[in-house]
Structure formats: structure tokens, C-alpha cells
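Here the structure comes first, spelled out in C-alpha cells, and everything after it is commentary.
Below, read A as the first sequence line, B as the second, and so on, with proteins coming before strands; counting in each chain starts at 1.
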Amino acid sequence: MDATRRIRGAVIALAAAGLAGGMATPPAGFAGEKTPFSARDGEDLATAAALAWADDARLVYVENDEAVAGGEAARWGYLYRSDSRATSRAYSVENGEIRTATDAPFDFDAPPLPADWIDSARALASADEAGGNSYRTEEGGRVRALFLVRGVMDAENPDVPTWAVVYESDVAPGLWLVIDARDGKVVKRWRG
Amino acid sequence: MARLIHFGAAIAVMASPMTAKAAEDATASEGVPAPQVVRVEKIEPERPKHPTLGFLDENRDFFRARLDHLRVSLGPRSGEATEIDARFLRWREMLAEIDAAADTTGAAEAWIRQRELMDSVADLLALETAMDSMEALLDEQTRRLVELEEDFTGRQRTALVVLLTGVPVTGIPTSVALIDPDGDDFRVALGEPDRLALERGGTIELSHRLAEPRAHRLSVRFEGSGTVPAGEWPLALDLARDRLTFVEIDLGGFDPEAGVPLPVRNWVR
């Protein structure tokens, strides 16, 4: 009887130890972990997909699909337009893979982006320096959106590609900063 | 009085279904179609698992208004010289080498034809030398072919090849459709040569096209009159970038009524 009780106790102790081990810190590389990256790093994969969709696909818009920190986001969206298909298609890239590929609900026939544009980190740094940092501090703000487009955000120079950084706050009107995507200079700024 | 009102209301309620049924019976007996019951439900909007371009979507009117004031025109072509692909120069060199080799082999072939009988050992030596020369030319040609193949396969883009083989118990379909909810659908009609090939154990290529390097959730549908396999079968693929993915659908002995998955195998090159 005593031996049986001791064996039973040992088994229970072993099971408990195994259970505790299983509840230890998850191993490295836990599934679902997202690695932030800059907008430029996901462009190549999205473009490869877009060219399979249409030979004349051209990148026209880039936007963060998840929150931005230091100019990097865990997921970026890339929008391509095809004249031959007369439609646009969006690719969302995360962890080096295409998460979604969808036809845009509307045809975004913006001008094609040039090959050269500054990366998102540099664009955000320019915007932060030009007022974004003080907005975050004084208004408790955060980056709402960071997007790259040509011809839309600077009416005086529509040929220039621009990054737009939109800050928002719960207690104050938003802050918009438009950055020249060729050299990182601030070209426009407004509140609202 | 109140009790009477309640009693009357109860009678009215009880009478309603009877009245509706009576009306239905009456209309049916008069040859008028019975009223159709209409039911209204709310369609739940499809919410993507990974929403993208949210800011653009929320402000599309703003962007649309800005775009309407733009005009895109093609600028003049740049007069600057552009770098020539090095392969073009290499191909020109290969063509010149091939032409030279053709001349050499042609001369050797003519020499051999002129010799009906070897007159002396010297002729044998000359023949052996000519054969060595032709072997060297063949080796060079093989090397050029390997170089071209490596260049070709080294530039592989993401592509999908769909093959079909076998005859199902329900008969060969007249067409096969591949449905992609996130992309383009396509349908392939099976002509008489295709049907003969399948009946004789051959394999036919349904599709060979460039594809997006991502997870694809396709459906396969067989179409045609008669007893072809009905319904759609899911086909999940994760296409590797810059690789050629083969998918073979083996319908040999496939019985769609058996409730088994579509027999498919795939490999990557």
C-alpha cells in the first residue's frame, strides 16, 4: 500500500513537472511573431506578384497596413495599376510573404511612382523633426498613416512623388506633413 | 368588460392564422398562385482577415478629387545611351561560333564523302584527325547549350503548371475550370486529342502561366454533359517565388461519389 502510494506520488510529481515545463517561456520564433520592416523592403516581392498579374503593372501607392514605429511596420500595402486591365490590385506584405492579393474596390489611376524614392524611415524622421515629435509630446499624438503617392498631395508640383505622414490625437486636430520623396524635404504642412 | 376584450382579442388572434390559411386555400382554388413568403436578412459584410490600404479606402473621395485635376502625359524619351544586356553580346558570339563550327563540319563531311576507299594509312590518320575535330566541336556545342539552359532556368519567374491525367469513373469532362476567388478564373475545354490522350494513359497540360508568389485557395470544377464529377474541389497551393510549381490532377479511377478528396500531387522545380 505504501509502495503504491509512493509510486502514485512519483507519477503525479513527474506529470506536474512536465506540465510546468510545457508552460515555460515559448520557444524563440513563436508562430505569429511579426517582424517590422521598411516600405522599400517589401516592394520587390509585391512587384514580382504584380508583374505576374499584369505585364504593365506599375506601383502607384504605398501605405502602412499596421502601426508604424521608427518608419517600419509589420505589414505594408502596395497598390499597382494596369492600363491593359484598367484596374488596380493591392498586395499586403508581412514577414516576407504576401498576405493578401485583392483587386482594389475602385480604380486608382494615379501616376506611377518613380524607381527612386526615399524609404519610409527617412520620411518619418523628416516629418518627426518638422513637428511630428512635438505633436506626439504635446498632443499625445501618434502616426495614423504613412503613405507614398505621386501627384496627389502637392498640387503645385504634381510630378513629384511624396510621402505623407498623418498624425492624429484624441484631443487635438490632426497634423499632416508632406515630404518630398526624392530628398526628404518637407513641402507642405497643415492641421486638420 | 376587460375580460370580454381579452377574450375577443384571443379570438381575433386565433382567427388570424385560420383566416390566412383560408385565404390561401381560396386563392389556390381560384387558380391564383399562393402568396410567397418574403424574408429579409442582413448580409454581413465580408471582413478581410488582413485589411489593407485602410487610409486610402477611407479617403477615396479625397484622393479621387485630387486625381481628377491631374493629367498624365508621356515625356520625351531620354537620349542617353543605356547599358546593353551582356547576354545579347554573348549570344552574338555564340552565333558566330556556331557558324564557324558549321563551316568546319561541312568541310570535313565533304572530305569524307569524297573518299570511297582509304588509299593509305595517311588517309586513315586524316580521318581520325577530322573526327577528333568534330568531337571537339560537339563538346563546344554542348557547352553552349548548357550555358543557355542555365541562363534560362536562372531567370525563372513564379509560374504554375496544371496537368491532368486519368479517366474518372464518371467519364472524361468536356472542360475543366480553375476558380480563384482572389484572382483570375480560367476554363480549359478538352478537345478530341485531349480525350484520346487521357484514354490512352497520357497527361495533358491544362495551364502554364505566371502566378503570384503567395498562398492560393483554388477550386477545381469539371464541366460537361452526362455523368462528369459534379461540384468543386478545393486546391490549396503555396507558390514559391521564382519557382515552377507543377500540379497534377490524377482522375484515374476517381469516383466523385466516394467522398474522397481530389487526387492531386505537386512538386516544385
Side-chain angles (χ1 to χ4, degrees), chain A residues 44-55 57 60-66 74-79 81 83 85 88-94 96-112 143-147 149-155 158-159 164 166 168, chain B residues 45-76 78 82 155-161 179-186 207-218 237-245:
Chain A
D44 190 50
L45 176 60
T47 299
L51 291 176
W53 167 66
D55 286 342
V60 295
Y61 183 89
V62 181
E63 179 187 319
N64 62 301
D65 281 346
E66 294 200 11
R75 190 159 58 89
W76 287 90
Y78 303 84
L79 185 65
R81 174 121 206 304
D83 288 337
R85 286 179 174 252
S88 306
R89 189 163 172 84
Y91 299 92
S92 188
V93 177
E94 177 186 87
E97 295 181 354
I98 293 175
R99 284 285 171 254
T100 61
T102 53
D103 289 339
F106 58 97
D107 186 19
F108 191 69
D109 54 343
V143 176
R144 164 68 178 90
L146 180 59
F147 61 89
V149 71
R150 182 180 178 190
V152 174
M153 300 307 295
D154 187 359
D159 198 38
V166 182
E168 66 178 4
Chain B
E46 207 175 298
R47 302 187 193 284
K49 191 177 177 183
H50 300 285
T52 185
L53 307 180
F55 189 85
L56 174 63
D57 192 39
E58 291 169 12
N59 298 279
R60 63 171 80 175
D61 292 339
F62 163 76
F63 286 101
R64 182 77 261 159
R66 292 287 185 106
L67 285 174
D68 287 343
H69 289 100
L70 296 179
R71 183 182 67 226
V72 178
S73 58
L74 295 177
S78 170
T82 57
R155 289 183 292 119
Q156 176 64 52
R157 293 172 62 184
T158 311
L160 174 64
V161 180
I179 295 119
D180 184 355
D182 298 322
D184 298 328
D185 303 338
F186 69 92
S207 167
H208 181 179
R209 50 172 50 189
L210 294 177
E212 295 166 340
R214 60 173 175 88
H216 293 257
R217 298 294 176 259
L218 310 177
L237 298 170
D238 205 348
L239 299 187
R241 186 179 174 186
D242 296 337
R243 290 288 184 271
L244 188 57
T245 299

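- In terms of heavy atoms, B:L53 sits closest to A:A90 at CD1-CB, 3.6 Å.
- Most heavy-atom pairs under 4.5 Å with chain B, from the set A:V166, A:V149, A:L45: that is A:L45.
- Proximity to chain A among residues 237-245 of chain B is limited to B:R241, judged by heavy-atom separations below 4.5 angstrom.
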(message) Evaluate B:D57 against A:F106 for side chain to side chain contact (heavy atoms under 4.5 Å, CB included), listing each step before the verdict.
(response) CA-CA 9 Å; B:D57 192 39; A:F106 58 97; 4.1 Å; yes

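- With respect to B:R64 and A:D109, a salt bridge is recorded, a charged nitrogen being found less than 4.0 Å from a carboxylate O.
- Heavy-atom pairs under 4.5 Å with chain B were tallied for A:Y78, A:Y91, A:W76; the largest tally goes to A:Y91.
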(request) Please step through salt bridge (charged side-chain N to carboxylate O under 4.0 Å, His left out) for the pair A:R85 and B:D184, ending with a clear verdict. (result) CA-CA 12 Å; A:R85 286 179 174 252; B:D184 298 328; 2.5 Å; yes

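- With a 4.5 Å cut-off on side-chain heavy atoms, B:E212 and A:L51 do not count as touching.
- The two residues A:I98 and B:P213 have their closest heavy-atom pair at CD1-O, 3.8 Å.
- Interface remark: of the candidates A:A48, A:A50, A:A101, A:A101 forms the most heavy-atom pairs closer than 4.5 Å to chain B.
- When each of A:E63, A:M153, A:E97 is checked for heavy-atom pairs under 4.5 Å with chain B, A:E63 comes out on top.
- With rounding to the nearest 0.5 angstrom, the CG atom of A:D103 is 8.5 Å from the CG atom of B:D182.
- Heavy atoms of other residues, nucleotides or ligands lying less than 6.0 angstrom from CG of B:D185 number more than 12.
- Between B:T52 and A:S92, the shortest heavy-atom distance links the atoms OG1-CB, 3.8 Å.
- For the pair A:P105/B:R60, a side-chain contact is recorded, criterion being any heavy-atom separation below 4.5 Å from C-beta on.
- No donor-acceptor distance shorter than 3.5 angstrom exists from the side chain of A:D65 to the backbone of B:H50, with no hydrogens or angles considered.
- B:P51 is not listed as a side-chain neighbour of A:E66, based on a closest heavy-atom distance of 4.5 Å or more.
- For A:Y61, the ring pair (Phe, Tyr, Trp, His ring centres under 6.0 Å) criterion is met by A:F108, A:F147, B:F63, not counting sequence neighbours.
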